[in-house]
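To start, the structure under review is shown below, and the notes come after it.
To find a chain, count down the sequence lines: A is the first, B the second, and so on, and within it residues start at 1.
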Amino acid sequence: MDASEREQYRAAIHGDREAFEMIIRTHSRPLFAIAYGILQSREEAEDVVQDSLVKAWKTRWRVRDPEKLPAWLATIARHKARDVFRKRRTVPFSEQLIEPVEPEPANTTALDQQLQSALAALPELHRAALTLRYFEEMDYRTIENTLGLTNGALRGILGRALASMREQLRPALAAMD
Amino acid sequence: MATVHDEIDTWLAADLHGELSDKERDALHAHLVDCAACRKTHQEIKTMNKILEETLTKEKADPAFEQRMLAGFRSRVHQRGGLVKLLVSVMRLRAAQIAAVAAGLLGLVQIGRMITGEPVTAPRERERYVGEQFAAQPSQVPASRAAESGALAKSDEVAAGRSRNLPLKGPPPPAPAESKDEERAGAEVERTIVTGSNIPTAAEEGAQASVQETAPALANRKLIRNATVELEIVSFDNAVQKITAFANEEHGYVATTDSEKQANGKLKGQIVVKVLPENLDRFLQKIRSLGELKNQTLGTEDVTKAYFDTDARLKNAHVMEQRLIDMLKTKTGKVSDLLLVEKELGRVREEIEKMQGELKYWDSQVQFATVTISLTEKDLEEPAAFLLKERAQLFLYTPDVEKIYNETKSLASAKVQITNAQLNRDYSGRVSAQLSMLIAPEESDAVIGRVKGFGRVENFQMQTQRLAQGGSGMSENAKTKRDKVELNITISREEQEQAFQQTSLRIRTSSVDERAKELRALAEKQGGRVRSSTFISDPNGREVASVSLRVAMKNYPALMQSLNSLGRVENVSVQRQDRADAQIDESNAPADVSIQVYSQGNIVTEESGLLATLRRTLAQSASAIMWSLRMIGVAIAFLAPWAIAIVGIVWIARRAIRARSKL
């Protein structure tokens, strides 16, 4: 993190709206990745990011160390996404009928569906790490920072995630070969 | 290479993601060469990585995502803070501050105007009005009367908002317009008051009387002249006769006279004479010779404007009247309309009469000048008689107030009238009485003499006043009459009398008690009375006896003599109250003597010396320390709850912040 970035974070925390909007420009994609990783729904993820940003602005005074701002944003997004995820599970059956959760894209293949369900079976943290890696192509270090992990922890997490998915998708993968 | 094999997924993933160091990559590749299972896994992972990349790339946020986020954020979080910040930064500028203050003041002024109802454009209107007047005046002066009145008529009509074509529908001349006209006329009337005759009045008035057309500005003027004169004359009737003669000489007449006889037989009165204005100055000169001139004023009132205004209105009214008459003659329309015309005609005629009356009044005023002459005979103020008023007052001191009070009251007779008698007894048993009486002049000396015999008299005062009746000043031949004598008596008990002389002294002796007793005996021998006595003995062996005595003045010297036998007399001070104008029986007047008999006692008191000083100092410092301790306690008691509360709040706030930042 360079000095100008830190200065930007500090200004945002102190109520500089322009600085905060700049942070929105640079940081909302990783947040989307995290939210998507948890929810696997673009619409819901987008809403979550939006809510998280508003909440972050309103509670910015809580951040004491400007360097931790991105991690803090990620935390908010994860909490929000988890809330939505939990609520989705408890939605009564009847309501689910009224508003269909997500219309299935036409080009969805069987493999895609398998992949989605394999993803869904992963722990939430693993999913978030995966999406950050594959959406934003972040290096391990940045992902660790964003998700608040210790150095080197991500390698194991991603390894386990990929292994678990590989197990589930083995028939399909075998077929592909 | 067991480690690589055991964690093959991690290694492979890191390899795919480019997170392996060169050394690690070599190790992995070496293992893959050896291990077939891991090679298979490698293949699978690679495939899956591809699928994941393909699948998830589709799910990535679209390019407009950031813009959407920003827009959403902006719509949900209002710019309020920014606005406030902008406002604050603007208000920091000195110019903006001054502008804001000015705007505030302007607002206040505007509100004030709204409250008081003052029209904002008033000054401009007034200016315009003045301009109009200036414009109108020059045309009035030189123009002939007819043209002028015509112009005035037009302006009057315009002002009244009346239309010639619709006389019936037109409302009666609105009151505001009319009053405005009159006001203007009033403003035009110049009131000049001069004591001399420095304006060419005679010439002016003459010109007005004879030729109106040829004379310039003054010819058309309608001027009312009047004068007031105050004269002091010797004989009123004589003066009236002469004034009447003068009035006849100057072709005038005496309008009214009235006179009044004063108490001293002198006359004063007022005469109003009407003379032709051109003769006014001559007439005034003549009457000045009658007596001493006290005051004279000469006034001229210019009613030209009002006169011609009324004249023009009158002409208008005549035209109106003619129209209404014509309308009645043609007799078309409904009966109700005709009735309306009739009514309007009545109103117009009434107005005409009023205006004609006004013009006539002015004409008469202008035709003759009014001279008001106030006449007073000389020595009007001389008194007719004098009244001698005597007032006496005395204080009586007696042992028995009530008895004297009743005796005084019994003096009442046909010639002695008691106007006020009261006996007062206050809560401490003191008795005093007050009596007022009016005594016939011939009896007064006898009665006062008797009253004086009732007791000790003090402060007898007699006041004589000569009152002039029916005037003021001196008169040689006025009679003097003696009025009833007013006598005020205050009766008090002897003890209440203030001492004529007060003496205080000290006697030093070794045996105070004994000497005090002797003192009492001495006082009684001289006919004195002990009023109070005290005896004090203090711990240092000092004894003081105070005795206060009252004796008659005649025994005072003897008492003072005998005091010397008691001991050394010190600090004698004598105070004597010499009352001016008071008639006092000095030998019987009371004298107060207060005597202190004292002994010296111990020379050195207990409360001096080193030890005592030390003790006092210690006691004082101890009490000072105790006081500071008490104050510190009070301060702590005040501050402690606040301190505890503040510490508590800070602690809770810090905990809350810490808890939230952890989330």
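- Counting all heavy atoms, side chain and backbone alike, A:Gly159 lies closest to B:Ala13 at CA-CB, 4.3 Å.
- Contacts of A:Val63 with chain B are absent, with no heavy-atom separation under 4.5 Å from either backbone or side chain.
- Separating the CZ atom in B:Phe73 from the CG atom in A:Asp51 is a distance of 12.5 Å, to the nearest 0.5 Å.
- Taking CG of B:Asp62 as the start and CZ of A:Phe32 as the end, the distance is 8.0 Å to the nearest 0.5 Å.
- When heavy atoms are compared at a cutoff of 4.5 Å, B:Asp15 does not approach chain A at all.
- Counting non-hydrogen atoms of other residues, nucleotides and ligands closer than 6.0 Å to CE of B:Met631 gives a total above 12.
- Of the charged side-chain nitrogens involved, none lies within less than 4.0 Å of a carboxylate oxygen, so that B:Asp9 and A:Arg160 do not count as a salt-bridged pair.
- Listed for the A:Arg64 side chain is no donor-acceptor partner under 3.5 Å among the backbone atoms of B:Ile657.
- Judged as a salt bridge (Lys or Arg N to Asp or Glu O under 4.0 Å), and not counting sequence neighbours, A:Arg60 has no contacts.
- Looking at A:Arg155 and B:Glu7, no side-chain N of the basic residue comes within less than 4.0 Å of a carboxylate O on the acidic one, giving no salt bridge.
- To the nearest 0.5 angstrom, A:Leu158 atom CG is 11.0 Å from B:Leu16 atom CG.
- Residues B:Glu19 and A:Arg133 form a side-chain contact, since some pair of their non-hydrogen atoms from C-beta on lies under 4.5 Å apart.
- Residue A:Tyr36 touches chain B through its side chain alone, counting heavy-atom pairs closer than 4.5 Å.
- No side-chain heavy atom of B:Glu66 sits under 4.5 Å from any side-chain heavy atom of A:Ile24.
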Stepwise side chain to side chain contact (heavy atoms under 4.5 Å, CB included) test for B:His17 and A:Asp139: CA-CA 8 Å; B:His17 297 150; A:Asp139 55 52; over 6 Å; no
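- Annotation: side chain of B:Asn49 is not in contact with side chain of A:Leu162 (no heavy-atom distance under 4.5 Å).
- A:Arg25 meets the side chain to side chain donor-acceptor pair (under 3.5 Å) test with no other residue; sequence neighbours excluded.
- Two residues are said to be in side-chain contact when any heavy atoms from C-beta on lie closer than 4.5 Å; B:Arg660 and A:Trp61 meet this criterion.
- Using a 4.5 Å cut-off on side-chain heavy atoms (C-beta onward), A:Glu21 and B:Arg74 make contact.
- Both the backbone and the side chain of A:Glu46 come within contact range of chain B, judged by heavy atoms closer than 4.5 Å.
- Taken to the nearest 0.5 Å, the CD atom of A:Glu167 stands 8.0 Å off from the CD atom of B:Glu44.
- Within a 6.0 Å sphere centred on CZ of B:Arg76, heavy atoms belonging to other residues, nucleotides or ligands number more than 12.
- With a 4.5 angstrom heavy-atom cutoff, A:Leu154 does not touch chain B via any of its atoms.
- Here the side chains of B:Leu52 and A:Met165 are in contact, with some heavy-atom distance below 4.5 Å.
- Between atom CE of residue B:Met69 and atom CD of residue A:Gln50 there is a gap of 4.5 Å, rounded to the nearest 0.5 Å.
- Between B:Leu56 and A:Phe135, the closest heavy-atom pair is O-CE1, 3.1 Å.
- When the shell of 6.0 Å around CD of A:Glu18 is examined, it contains 12 or fewer heavy atoms from other residues, nucleotides or ligands.
- Within the 4.5 Å cutoff, no side-chain heavy atoms of B:Glu54 are placed close to those of A:Tyr134.
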